[in-house]
Amino acid sequence: MATHTVRFKIKRQDGPTRADTQRWEEFDIPWHPQMNVLSALMEHRRNPVTVEGKTVPPVVWESVCLEEVCGACTMIVNGRVRQACTALVDQMPQPITLEPMTKFPLVRDLVVDRSRMFKDLQKVKAWVQLDGTHELGPGPRQSQENQETAYPLSRCMTCGCCLEACPQVNDRSDFIGPAAINQVRLFNLHPSGKMNGAERLEALMGEDGVAGCGKAQNCVEVCPKEIPLVDSIADVSRQTTKHMLFGWLLK
Amino acid sequence: MAAKTSVRSESQKVRRVIVVGGGLAGLMTVIKLCEAGVPVDLFSLVPVKRSHSVCAQGGINASVNTKGEGDSPQIHLEETVYGGDFLANQPPVKGMADAAPGIVFMLDRMGVPFNRTPEGLLDFRRFGGTLFHRTAFAGATTGQQLLYALDEQVRRWETQDVEDEKGIVVKGEKMVRKMEFWDFLSVVQDENGAARGIVAQDIKSMEIEAFPGDAVCLATGGCGIIFGRSTNSVICTGTAGSAVYQQGAVYANGEFIQVHPTAIPASDKLRLISESARGEGGRVWVPKNAGETRRGRDVPEKDREYFLEDKYPGYGNLVPRDIASRELFKKAFHEKKGVFNSKSGKNENEIYLDLTHIPKETLKKKLAGILEIYEKFVGEDPYSNPMRVFPAVHYSMGGLWVDFERAQNGSLVAGSPRNQSTNIEGLYACGESDYQYHGANRLGANSLLSCIYAGMVTGPSMASFRSNMAKSAFDLPKSVFEKARKREQEKYEAILKMDGKENPYAIHEELGNMMLRDVTIERHNDVLDKVISNIDELEIRARKSGVTDTAVQSNQGATFMRHLFNMIVLARVIAQGARNRDESRGAHFKPAFPDRNDADWQRTTLALHKEGGSANHAVNYVREFDYAQNGKGVHITDAVDISLVKPRPRKYETAGAASAVAGTDDKKTTSAQA
Ligand SMILES: Cc1cc2nc3c(=O)[nH]c(=O)nc-3n(C[C@H](O)[C@H](O)[C@H](O)COP(=O)(O)OP(=O)(O)OC[C@H]3O[C@@H](n4cnc5c(N)ncnc54)[C@H](O)[C@@H]3O)c2cc1C
């Protein structure tokens, strides 16, 4: 049985239009070995009682894989944006505060609406323009080196950490953010993805595109998969400049 | 009324179909439908890019034979059915093995960053149940990379307009309409019981709606969460499969649940350490001395027992999962030789999985994804410390029963509307939610393959069903859909009104603990009898739960309540199936019946839901049934199609035993000997 409890302080709100219900609630959750923020929330759900002894609706959060590959459980833990599943309780000062991300519309409690990130992937055409899924033989050969550059870029979980941390992503700007720019780099590296490289760059030429980066470099700091986002932005920025200057020549 | 066409119904509505689930299986189905010109509504509980397929680590099988070992689709077929202990119908397996190289090439063309050989070709590694290098991989996050590739292609289809038969764009209709954060509740059935659409709930606004569809596919994944903790994602509750089972779909081989030998013990999730760790040379051992107090890395070679290598010199650490899990369990649980913990003073249920003899550089290139998980969650460096692991529930070989049509050459008839069809007309299933490809035990890296292959089959199959149907769902009276919607609305409102004392999450924990303890590696009839009556009790108690959350928005408590009821129903199918099957085959092991019994049990378990029993969810196991499709009747029995590889005893002690091409003589080995 648990020997002690862990204090959590959680920011809550019942729905997007229910700012009137915004509040902090505190819970003492029984400790268990290897406890992480999500396993704590699961424990809480079995007995959702505040420190004042009031039974409340269990906190609402998003999670899927619990091993930091799906990106679902991103939230602000002790002031830092990250996945809650890998936030190990024993490694953190208490009380542990949980808040929803602030750069996306709130849904409820710790859940936000990140659909803009998926729309951005449409905008930059983050795909290879495949002829079809019928058998057409092997794909293009690629060097090990190319694979070793592409693979880390391809691990982006669309989790939103980089957007949350970026000062240029805010109410007053439409900056697309590092995640989508990194995808452009990824697809423009691929031997057949390259063939539509220009279209992707064009999608990033506007004010909301790659020029929107203010070089704060917060994105790399918070990326849980250590994707070299600053390099990606620099790389794509060079590509767009080149395309702007010489693109018409190459057409 | 105008005539029905391939795009429009008589009432001139665009004839869409529905795919529920956007893991590998669902996404592949969607792509194939789009390529056939069929517009799709795609529903998913979570953004499809976060589907559970993202978790898959080790890789995907295809006998491309880049290493010149003489691998071939024929050997892949043989090893798959042998690994599955001869419970899988062989024609679909053949279709899959034949298609595998093409599938991996397609994924490569989509841009999956597969690891490469120095020459720039795809690299392959070893996995369980084979001696060949047959598994293509992208680091140790292959599932994520495959899912992303299919997700990207589906996103492209989301931007494409629907065109009518003359090639004219239909305004406002896209080829794919994604409905994310929707929970599938049930299929809409017409007066003949055929599936004509679905009822689903938006889990943010909690609105319930009915959607017509000219065919419906469930690609809703596995059900590991029934066992509480597993390697599965939290959304893998099997709720959708359970719902249609309760509507009359046959559930097959439910008792076959795969327990993976190597996961990290924990209280929330049993995080997997992929078989690829052993494929790259990882070794499993325990200290010879049960009271060993030295740390794993300090135990010298002579004091270690490599029990899998000792007992199975042929396949060593890469014996199939059912066998490896039983051996690990035996060591730790029965022989009490698990890793000794001086703090607790006991031998824990933990075994060493050791990679420390492999150069760090190699590990980083090939396994970083899983080693990162170990490091993050255990807080120990696996490059210099042997990892501590234990078996965990991982995969469901059982699932919704689906049909196939056998072709002359032993494979499947391309485009037959019977392929992947459930016994509910118009309802298809594919991916982990079907039962078709793995028999009694799945080989590692065959699931990503079966998901994609089944998707490739289901798309064309649904398309031909749709072109042959007499009346489009879009021409049915609204009342059919309204009735179905109302039924679900009422059920939901009843859940919101529940104000009992029980906590559904606590009941789930009890269910999980019991299923994990009693219905996994070793099964005993007396224990199973208790489990079955406990399941009924749990159900009755679950009905006395309180749903404390009455919020209008994102009411996760109410959603969970529904999923819990559906989990309990499937738990019964699993436990009762295990109780009935008095033999040992693949993942199903009864110490009291240690042998495979082909005379009585070379057959598929077919479960139909019926009312009755103390919780009113009895299981009716049948030996045969009939179903209808586009006016034709099909008769089905529980016989397994073993027309391609004759059953023989399964023995992994001998190298190459799994691919003795000639068949009956299990002493004969082939070039498979590495
Ligand atoms: C940790 C781990 C590692 C693995 N590694 C490998 C490997 O290396 N190789 C291999 O071959 N296999 C591996 N597997 C197995 C493999 O990952 C799965 O079997 C496979 O990904 C299942 O895919 P799927 O498309 O059937 O379902 P999933 O990917 O689970 O997708 C299910 C979809 O259905 C949706 N859904 C579910 N319920 C509902 C509902 N009620 N309403 C609406 N939508 C719903 C979900 O949102 C999701 O989109 C691994 C499994 C695990 C757990």
Side-chain angles (χ1 to χ4, degrees), chain A residues 14-16 18 32-36 38-39 42 45-48 55-58 60 62-72 86 88 107-108 111 114-115 118 121-122 125-130 132-133 135-139 141-144 147-148 150-151 154-155 158 187 190 192-193, chain B residues 31-32 35 46-47 49-52 54-55 102 105-106 108-111 113-116 118-122 138-139 141 144-145 148 152-153 155-156 158-159 180 204 233-235 266-269 271 365 369 373 376-379 456 503 505-506 509 548-554 556-557:
Chain A
D14 291 355
R18 299 293 311 278
H32 54 254
Q34 288 175 20
M35 187 178 198
N36 61 61
L38 290 189
S39 70
M42 289 181 194
R45 221 163 38 177
R46 291 181 201 120
N47 186 23
T55 300
V56 293
V60 171
E62 224 184 291
S63 68
V64 181
C65 78
L66 308 192
E67 54 192 48
E68 211 188 66
V69 279
C70 78
T86 37
L88 300 185
V107 175
R108 186 180 169 186
V111 180
R114 283 173 278 186
S115 48
F118 298 109
L121 293 178
Q122 266 187 24
K125 300 192 164 50
W127 52 69
V128 170
Q129 189 83 29
L130 211 69
T133 58
E135 287 205 28
L136 289 173
R141 287 197 184 193
Q142 285 186 60
S143 66
Q144 291 184 330
Q147 191 271 344
E148 282 159 27
Y151 174 66
S154 186
R155 295 185 67 197
T158 331
F187 285 97
H190 187 266
S192 20
Chain B
I31 295 169
K32 280 292 183 193
E35 288 182 345
V46 297
K49 202 177 174 180
R50 307 199 199 285
S51 295
H52 168 66
V54 92
C55 285
F105 290 151
M106 169 199 80
D108 186 27
R109 285 168 41 227
M110 286 178 178
F114 283 120
N115 283 51
R116 300 276 159 177
E119 211 180 310
L121 298 169
L122 298 177
T141 60
Q144 177 190 44
Q145 296 305 316
Y148 290 1
E152 288 148 11
Q153 295 302 320
R155 187 164 295 107
R156 183 158 78 93
E158 261 186 288
T159 65
E180 294 174 325
K204 285 179 171 169
S233 296
V234 292
I235 56 170
S267 68
D268 54 341
K269 181 185 190 185
R271 294 172 183 87
K365 278 192 184 149
I373 292 177
K376 283 196 175 170
F377 287 94
V378 180
M456 287 191 144
N503 177 309
Y505 297 103
E509 197 180 21
T548 43
D549 191 356
T550 50
V552 199
Q553 281 282 330
S554 307
Q556 290 182 341

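Basis for what follows: all heavy atoms, side chains included, without hydrogens, waters or symmetry-related copies. A, B, ... follow the sequence lines: proteins, then strands. Residue 1 opens every chain.
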Q: Go through A:E68, A:M35, A:E135 and name the one with the most non-hydrogen pairs under 4.5 angstrom from chain B.
A: A:E68
Q.
Would you say that B:R156 contacts A:L130 through its side chain, given a criterion of any heavy-atom pair below 4.5 Å between the two side chains?
A. yes
Q) Do you know which of B:S554, B:A506, B:G102, B:G557 has the most heavy-atom pairs with chain A at a distance under 4.5 angstrom? A) B:S554
Q) Can you say whether A:N47 sits under 4.5 Å from chain B via the side chain, the backbone, both, or neither, judging by heavy atoms? A) backbone
(Q) At a 4.5 Å cut-off on heavy atoms, which part of B:D108 comes close to chain A: side chain, backbone, both, or neither? (A) both
Q | Heavy-atom proximity to chain B below 4.5 Å, by part of A:R18 | A | neither
Q | Part of B:E509 lying under 4.5 Å from any heavy atom of chain A | A | side chain
Q) Between A:A126 and chain B, which part of the residue has a heavy atom less than 4.5 Å away: side chain, backbone, both or neither? A) backbone
Q) A:Q34 versus chain B, heavy atoms under 4.5 Å apart: side chain, backbone, both or neither? A) side chain
(Q) Assess the residue pair B:K32 and A:T133 against the criterion (side-chain contact (heavy atoms from CB on, under 4.5 Å)); give the C-alpha distance rounded to whole Å, side-chain angles, the decisive distance to 0.1 Å, and a yes or no. (A) CA-CA 8 Å; B:K32 280 292 183 193; A:T133 58; 2.9 Å; yes
Q) chain A heavy atoms under 4.5 Å from B:K204: which part of the residue, side chain, backbone, both or neither? A) side chain
Q) Of the non-hydrogen atoms in B:F377 and A:L66, which two are nearest, and what is the gap between them? A) CZ-O, 3.5 Å
Q: Name the member of A:T55, A:V111, A:L136, A:V56 that forms the most heavy-atom pairs with chain B at distances under 4.5 Å.
A: A:L136
Q: Identify which of B:M106, B:E180, B:H52, B:M456 forms the greatest number of heavy-atom pairs closer than 4.5 Å to chain A.
A: B:M106
(Q) Using a 4.5 angstrom heavy-atom cutoff, name the option from A:G71, A:P58, A:G15 with the most pairs to chain B. (A) A:G71
(Q) Walk me through whether A:R114 and A:E62 qualify under side-chain contact (heavy atoms from CB on, under 4.5 Å). (A) CA-CA 12 Å; A:R114 283 173 278 186; A:E62 224 184 291; 3.4 Å; yes
Q. Heavy-atom distance under 4.5 Å between the side chains of A:F187 and A:K125, does that happen here?
A. no
Q. Between B:G369, B:S51, B:P118, which residue shows the highest count of heavy-atom pairs closer than 4.5 Å to chain A?
A. B:P118
Q) With a 3.5 Å cut-off and no angle check, do the side chains of B:Q144 and B:Y148 form a donor-acceptor pair? A) yes
**Q.** Contact leader toward chain B among A:S39, A:S154, A:P33, where contacts are heavy-atom pairs under 4.5 Å
**A.** A:S154
Q) So how far is it from A:Q129 CD to B:M110 CE, rounded to the nearest 0.5 Å? A) 12.5 Å
Q) Does any non-hydrogen side-chain atom of B:K269 lie less than 4.5 Å from one of A:L38? A) no
Q) Pick from B:K365, B:E35, B:R109, B:K49: which one has the most heavy-atom pairs with chain A under 4.5 Å? A) B:R109
Q | Part of A:F118 within contact of chain B (heavy atom distance under 4.5 Å) | A | both
Q: Give, for atom OG1 of A:T158 and atom CG of A:L121, the distance between the pair rounded to the nearest 0.5 Å.
A: 5.5 Å
Q. Any side-chain donor-acceptor pair under 3.5 Å between B:N115 and A:Q147?
A. yes
Q. Contact part of B:T141 toward chain A, heavy-atom cut-off under 4.5 Å: side chain, backbone, both or neither?
A. both
Q: Check whether any side-chain N or O of B:R50 sits under 3.5 Å from a backbone N or O of A:C70 as a donor-acceptor pair, and report yes or no.
A: yes
Q) Tell me, side chain or backbone of A:L88 under 4.5 Å from chain B's heavy atoms, or both, or neither? A) side chain
